[in-house]
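One structure below.
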Amino acid sequence: MNDEKMTRTALVVIDLQTGSRFLARHIFKKLTSDQFKQMLLNNRKLVTQFSAQKLPIIIVTLHPKLLPKILDNRFTQPLVTADLAYQLQKPGPSAFKHTELSTYLQQQNIKQLLVTGFTTDNGVKKTVQDAEKLGFMPTVVTDATIARNSEKQQEMLKEFKHTCSTAEVLKTFENGQKRS
């Protein structure tokens with residue numbers, strides 16, 4: 001990933017919300033607290049860097065229609081935020097289905113997506129698949145995503161066409177700053 005491509009790249013953070021933390025702790029018991037914390041830390045590093053560079057950030061949260069209204073706010077609060085982030089609510093796994101994400105990306109002339117979040121085997125996977133179908137070029141940030149367990153994470157990462165690490169993304173920014 002080079003600097004020129006970064007100027008047309010958006011960071012898309014999928015389902016990093018209070019409900020995800022609950023699922024990781026209580027439902028997906030094979031995930032350790034440290035694994036979730038590290039993934040969250042990597043997302044915060046990326047959001048901080050994208051914010052500093054004034055690059056687009058899309059924070060996507062899942063708002064299931066079946067969730068009672070009383071639980072909605074407890075479940076859907078983002079765990080990462082940025083002042084200028086585009087906030088998007090979705091009803092299902094893909095950030096593109098029943099949302100305005102494609103329109104927003106086209107209006108902003110964004111072609112490349114760095115996709116992060118929870119879970120690699122559901123929301124991230126379906127968002128990446130839809131992005132490719134719509135002509136976008138998604139790259140999954142491997143250590144800024146997490147699946148239901150480590151085995152599933154490794155299996156899923158093999159399915160994506162383009163992957164990179166948080167360190168690789170941050171190095172791209174570092175290299176760009178050195179040339180300025």
Side-chain angles (χ1 to χ4, degrees), residues 1-3 5-6 8-25 28 30-62 76-88 90 93-96 101 105 110 112-132 136-176:
M1 181 167 292
N2 63 38
D3 303 338
K5 287 185 180 179
M6 291 303 283
R8 297 176 307 157
T9 300
L11 177 64
V12 182
V13 181
I14 305 292
D15 301 341
L16 284 185
Q17 58 196 68
T18 48
S20 303
R21 184 182 303 163
F22 175 84
L23 289 172
R25 283 184 184 158
F28 305 145
K30 290 187 178 182
L31 283 180
T32 68
S33 175
D34 288 343
Q35 288 171 310
F36 191 86
K37 285 178 186 174
Q38 185 60 52
M39 181 268 310
L40 191 56
L41 175 65
N42 288 338
N43 273 276
R44 288 183 175 144
K45 288 177 184 178
L46 293 167
V47 166
T48 298
Q49 192 59 252
F50 267 69
S51 290
Q53 300 294 321
K54 296 183 175 37
L55 290 171
I57 302 166
I58 297 122
I59 307 286
V60 183
T61 52
L62 176 64
T76 61
Q77 293 302 308
L79 298 176
V80 294
T81 58
D83 289 339
L84 299 176
Y86 179 70
Q87 302 281 332
L88 181 71
K90 64 184 178 107
S94 174
F96 286 96
L101 181 56
L105 294 170
I110 296 167
Q112 304 243 2
L113 308 175
L114 284 179
V115 183
T116 69
F118 184 89
T119 64
T120 313
D121 50 319
N122 193 22
V124 172
K125 173 185 173 182
K126 291 176 179 168
T127 297
V128 167
Q129 288 173 337
D130 287 345
E132 290 171 342
F136 297 100
M137 295 172 278
T139 298
V140 175
V141 185
T142 58
D143 56 354
T145 62
I146 198 165
R148 299 163 197 255
N149 59 58
S150 298
E151 297 80 24
K152 182 59 95 173
Q153 176 76 357
Q154 294 311 309
E155 177 186 319
M156 287 307 308
L157 293 177
K158 293 175 188 172
E159 291 187 23
F160 298 118
K161 292 178 187 173
H162 305 286
T163 61
C164 67
S165 68
T166 299
E168 290 171 315
V169 175
L170 297 177
K171 187 173 176 94
T172 300
F173 286 112
E174 213 174 87
N175 291 339

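The figures here come from the full heavy-atom set of this structure, side chains too, leaving out hydrogens, waters and symmetry mates. Counting from 1, the numbers follow the sequence of the chain as shown.
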message: Quick check for you: to the nearest 0.5 Å, what is the distance between Phe96 atom CZ and Gln129 atom CD?
response: 12.0 Å
field: Atom pair CG/CG of Leu170 and Asn175 - distance to nearest 0.5 Å
entry: 11.0 Å
- request: May I have the step-by-step check of side-chain contact (heavy atoms from CB on, under 4.5 Å) for Leu46 and Thr166, ending in yes or no?
  value: CA-CA 7 Å; Leu46 293 167; Thr166 299; 4.0 Å; yes
message: Checking Leu62 against Ser20 for the side-chain contact (heavy atoms from CB on, under 4.5 Å) test, could you report, in this order, the C-alpha distance in whole Å, the side-chain angles of both residues, the deciding distance, and whether it holds?
response: CA-CA 9 Å; Leu62 176 64; Ser20 303; over 6 Å; no
- prompt: Quick one: are Glu155 and Asp121 in side-chain contact, heavy atoms under 4.5 Å?
  reply: no
- line: Looking only at heavy atoms, the pair that brings Gln17 and Thr61 closest together is OE1-CA, 3.1 Å
Non-hydrogen side-chain atoms of Phe36 and Leu79 separated by less than 4.5 Å: yes
message: Taking the side chain as everything from C-beta on, heavy atoms only, tell me whether Ile59 gets closer than 4.5 Å to Thr81.
response: no
field: Side-chain touch Leu105/Pro56, heavy atoms, less than 4.5 angstrom
entry: no
field: Pairwise distance CG(Leu101) to CG(Leu113) - rounded to 0.5 angstrom
entry: 7.5 Å
statement: In short, Lys126 meets Pro93 closest at the heavy-atom pair CD-CB, 3.5 Å
- request: For residues Val47 and Ile57, report the shortest heavy-atom separation together with the two atoms involved.
  value: O-CD1, 3.6 Å
- request: Mind listing the closest non-hydrogen atom pair of Thr9 and Ile110 along with its distance?
  value: C-CG2, 4.3 Å
query: For the residue pair Val141 and Val169, what are the closest heavy atoms and their distance?
result: CG2-CG2, 4.4 Å
query: Relative to each other, are the rings of Phe173 and Phe50 parallel, tilted or perpendicular (30° and 60° limits)?
result: perpendicular
query: Which heavy-atom pair separates Ser165 from Thr142 by the least distance, and what is that distance?
result: CA-OG1, 4.0 Å
- prompt: Are Glu159 and Met156 close enough that some pair of their side-chain heavy atoms sits under 4.5 Å apart?
  reply: yes
Result of checking Ile14, Val128, Leu157 against Thr120 for side-chain contact (heavy atoms from CB on, under 4.5 Å): Leu157
- request: Can you measure from NZ (Lys125) to CZ (Phe160) and round to the nearest 0.5 angstrom?
  value: 8.0 Å
message: Restricting to side-chain contact (heavy atoms from CB on, under 4.5 Å), what partner residues turn up for Asn149, sequence neighbours left out?
response: Lys30, Glu151, Lys152
- prompt: Do Leu23 and Phe118 pass the side-chain contact (heavy atoms from CB on, under 4.5 Å) test, and can you show the C-alpha distance, the side-chain angles, and the key distance before you say yes or no?
  reply: CA-CA 10 Å; Leu23 289 172; Phe118 184 89; 4.1 Å; yes
task: List the steps, then state whether side-chain contact (heavy atoms from CB on, under 4.5 Å) holds for Leu11 with Thr116.
output: CA-CA 8 Å; Leu11 177 64; Thr116 69; 3.9 Å; yes
query: Any side-chain heavy-atom pair from Asp143 and Gln38 closer than 4.5 angstrom?
result: no
message: Between Thr127 (side chain only) and Ser94 (backbone N and O only), is there a donor and an acceptor less than 3.5 Å apart?
response: no
task: Look only at the side chain of Thr119 and the backbone of Arg148, and say whether a donor-acceptor pair between them is shorter than 3.5 Å.
output: no
query: Got a donor-acceptor contact below 3.5 angstrom from the Gln153 side chain to the Ala147 backbone?
result: yes
task: Side-chain contact test, heavy atoms from C-beta onward, threshold under 4.5 Å: evaluate it for Asn42 versus Lys45 and give yes or no.
output: yes
